[in-house]
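Remarks on the structure that follows.
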There are 2 protein chains.
Amino acid sequence: MPDYTPPAPKSERILNAAEELFALHGFDGVTLRGIATAAGVDVALLNYHFGVKKKLFEVVFMRRAEILNEARLNALLEAEASSGGRPSLEQIVSAFLRPIQRFQLTGDEGWRNYLALVGWVNSSSVWGEEMMHKSFDPLVARFIEALKKNMPDADPQRIYWAYQFFSGALTLTLAQTGRIGRLSDGLCRESDVETVYDLMIPFVVAGFRKLCMEHPEGGA
Amino acid sequence: MPDYTPPAPKSERILNAAEELFALHGFDGVTLRGIATAAGVDVALLNYHFGVKKKLFEVVFMRRAEILNEARLNALLEAEASSGGRPSLEQIVSAFLRPIQRFQLTGDEGWRNYLALVGWVNSSSVWGEEMMHKSFDPLVARFIEALKKNMPDADPQRIYWAYQFFSGALTLTLAQTGRIGRLSDGLCRESDVETVYDLMIPFVVAGFRKLCMEHPEGGA
DNA sequence: GTCTATAACTGGATAGAC
DNA sequence: GTCTATCCAGTTATAGAC
């Protein structure tokens with residue numbers, strides 16, 4: 001039987017189960033026993049493959065960060081190449097967001113869980129600084145560079161703050177809390193990945209323009 | 001000795017300690033023993049005053065929500081009164097944010113902890129929906145109403161989404177993760193409450209305008 | 001209201017057999 | 001690589017004395 005697909009190796013099943021549970025309940029809200037049960041493996045295997053709990057969390061978090069970083073960097077490089085090195089604000093923001101959307105649109109549950117986890121980590125005062133810095137800040141610095149080049153007259157402080165607001169808007173949406181659905185009485189759904197970025201991009205671009213390209217003493 | 005200020009009642013010391021620890025570590029990352037130690041009281045007192053752990057969390061979360069809601073509602077009513085019932089977008093967004101800023105500027109550590117806790121809850125898929133809905137959504141609905149009245153031609157879906165981006169930008173800043181400080185190499189500090197809202201308000205207002213007042217088939 | 005004492009249980013981690 | 005068995009520190013929660 002050559003066309004029999006073997007079950008995923010147990011170490012991978014562990015990572016997938018951990019990803020989902022950490023995204024839902026955070027680091028302390030999840031037990032190794034809970035992960036083992038969800039993965040259908042023995043508890044002792046977690047220790048064998050990944051060592052202590054914190055190490056397992058880091059492996060889960062890093063696994064897809066590298067893939068996402070590469071996709072985003074490629075999108076930025078492409079935008080720069082196709083614009084003769086002068087990408088528009090829309091192109092820069094899109095290069096940051098569209099790769100996320102592409103992963104979500106594959107329907108892969110693993111990516112949905114992972115992105116919710118990123119939303120959780122980004123808002124955690126304990127995990128946020130260290131994990132986001134290690135995994136994403138090198139790439140974010142590259143995007144900030146592109147923004148500075150696009151708006152050379154802008155106060156850098158305003159670019160960082162605008163990025164912070166941008167990051168918050170994104171991560172709350174990734175976190176999948178269901179709140180907008182409840183607030184809008186079902187009119188809007190967080191899972192509506194098709195349209196959310198079509199709205200987020202103009203929202204964010206308008207904010208950047210206002211903060212970084214309009215000077216209070218000058219026009220408007 | 002009539003001008004001797006007594007120490008805060010133990011039940012209040014418990015709430016203050018719980019507020020700080022929950023804000024830092026979330027619900028599951030905090031133990032009742034840790035709270036009792038931080039408050040300088042016996043563990044059994046937590047149970048005596050507040051019952052089970054979840055109930056204590058809810059009391060902590062509700063305590064200041066009501067104060068904040070009232071301040072925000074008053075700010076909105078004032079904006080409506082002073083504008084003949086037609087507050088500008090800036091006025092509405094300011095009525096939502098400036099009361100938070102006022103509480104932060106008092107320097108009261110309790111408010112800083114509480115607002116970080118709100119940031120954490122808003123991004124939690126377990127706690128976010130229920131707690132935010134119960135504590136804040138009635139007031140938020142009132143603000144959405146004001147936004148709809150200000151932009152009667154806007155697609156309501158776009159108003160809800162813009163609010164979602166707004167809410168994310170705010171809560172990430174409240175969460176006090178220290179990330180923007182690290183990313184900007186110390187150039188920006190989350191604790192710089194004096195200026196952050198002066199930037200957040202125009203950022204958000206520009207986003208609302210773009211999403212809700214410009215029609216793709218029409219101008220710009 | 002407050003503290004002592006403890007019940008009843010769950011947590012992470014690992015030694016050692018297969 | 002995998003599972004059985006177990007250690008034991010730490011957890012919530014409460015009964016009962018003061």
Side-chain angles (χ1 to χ4, degrees), chain A residues 4-63 113 117 120-121 124-127 130-131, chain B residues 1 4-63 117 120-121 124-127 130-131:
Chain A
Y4 156 77
T5 54
K10 295 198 174 182
S11 64
E12 212 169 302
R13 297 231 308 276
I14 291 170
L15 289 178
N16 292 338
E19 189 168 60
E20 179 176 357
L21 290 173
F22 282 139
L24 271 173
H25 302 105
F27 182 79
D28 295 299
V30 173
T31 67
L32 296 181
R33 285 175 163 82
I35 295 171
T37 302
V41 305
D42 192 273
V43 215
L45 270 193
L46 311 212
N47 187 280
Y48 174 75
H49 281 295
F50 304 104
V52 300
K53 187 181 178 185
K54 184 175 171 166
K55 189 70 196 153
L56 169 62
F57 184 86
E58 287 175 356
V59 171
V60 167
F61 197 76
M62 293 299 179
R63 181 169 62 150
N113 291 331
L117 179 60
W120 180 84
V121 168
S124 152
S125 29
V126 179
W127 297 89
E130 184 191 343
M131 298 295 288
Chain B
M1 47 297 255
Y4 156 77
T5 54
K10 295 197 175 184
S11 65
E12 212 169 303
R13 297 231 308 276
I14 291 170
L15 289 178
N16 292 338
E19 190 168 61
E20 178 175 358
L21 291 173
F22 282 139
L24 270 173
H25 302 106
F27 182 79
D28 295 298
V30 173
T31 67
L32 296 180
R33 280 173 158 76
I35 296 170
T37 303
V41 306
D42 191 275
V43 216
L45 270 193
L46 310 212
N47 188 279
Y48 174 76
H49 281 294
F50 304 103
V52 301
K53 186 180 177 185
K54 184 176 169 163
K55 188 72 194 150
L56 170 62
F57 184 86
E58 287 174 357
V59 172
V60 167
F61 197 76
M62 294 298 180
R63 180 170 61 150
L117 179 60
W120 181 84
V121 168
S124 152
S125 28
V126 179
W127 297 88
E130 185 191 342
M131 298 295 288

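Per chain, numbering begins at 1; letters A, B, ... match sequence-line order.
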Distance-only criterion, 3.5 Å: show the donor-acceptor pairs between side-chain atoms of residues 21-45 of chain A and protein atoms not counting sequence neighbours.
from: Thr31(A); atom 1: OG1; to: Gly34(A); atom 2: N; distance (Å): 2.9
from: Thr37(A); atom 1: OG1; to: Arg33(A); atom 2: O; distance (Å): 2.9
from: Asp42(A); atom 1: OD1; to: Ala44(A); atom 2: N; distance (Å): 2.9

Seminar exercise, completed: Those residues at least two apart in sequence (or on a different chain) that pass ring pair (Phe, Tyr, Trp, His ring centres under 6.0 Å) with Phe50(A) are none

For this session: Take the angle between the ring planes of Trp120(B) and Trp127(B) and call it parallel below 30°, perpendicular above 60°, tilted in between.
Result: tilted

For this session: State which residues pass side-chain contact (heavy atoms from CB on, under 4.5 Å) with Glu58(B); sequence neighbours excluded, sorted by chain then number.
Result: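 side-chain contact (heavy atoms from CB on, under 4.5 Å) check on Glu58(B) returns Lys54(B), Lys55(B), Glu130(B), Met131(B), Lys134(B).
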
Exercise. Who passes side-chain contact (heavy atoms from CB on, under 4.5 Å) against Asn47(A), sequence neighbours left out?
Worked result: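 Once residues adjacent in sequence are excluded, Asn47(A) has no partner under the side-chain contact (heavy atoms from CB on, under 4.5 Å) criterion.
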
For this session: Please test Phe57(B) against Leu117(B) for side-chain contact (heavy atoms from CB on, under 4.5 Å), starting from the C-alpha separation and ending with a verdict.
Result: CA-CA 11 Å; Phe57(B) 184 86; Leu117(B) 179 60; 4.1 Å; yes

Exercise. Going by heavy atoms closer than 4.0 Å, what residues in residues 42-56 of chain B are next to DNA chain C?
Worked result: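 Within this stretch, Asp42(B), Ala44(B), Leu45(B), Tyr48(B), His49(B) sit under 4.0 Å of the strand.
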
Exercise. Among residues 20-32 of chain A, which contact DNA chain C at a heavy-atom distance under 4.0 Å?
Worked result: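 Those residues whose heavy atoms fall under 4.0 Å from DNA chain C, taken from residues 20-32 of chain A in numerical order, are Val30(A), Thr31(A), Leu32(A).
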
Problem set entry | Rounded distance [0.5 Å steps], CG in Leu56(A) versus CD in Glu19(A) |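 Here the rounded value is 10.5 Å.
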
Exercise. Say you draw a straight line from NE2 of His49(B) to CD of Glu12(B); how long is it, rounded to the nearest 0.5 Å?
Worked result: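 Atom-to-atom, His49(B):NE2 and Glu12(B):CD are 11.0 Å apart.
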
Exercise. Among all residues two or more places apart in sequence or in another chain, which pass the side chain to side chain donor-acceptor pair (under 3.5 Å) test with Asn16(B)?
Worked result: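 Testing Asn16(B) for side chain to side chain donor-acceptor pair (under 3.5 Å), a comparison that skips the adjacent residues, returns Arg63(B).
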
Exercise. Chain B on DNA chain C: first and last contacting nucleotide, 5' to 3', under 4.0 Å to a heavy atom?
Worked result: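 Answer, 5' to 3': dG1(C) to dT4(C).
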
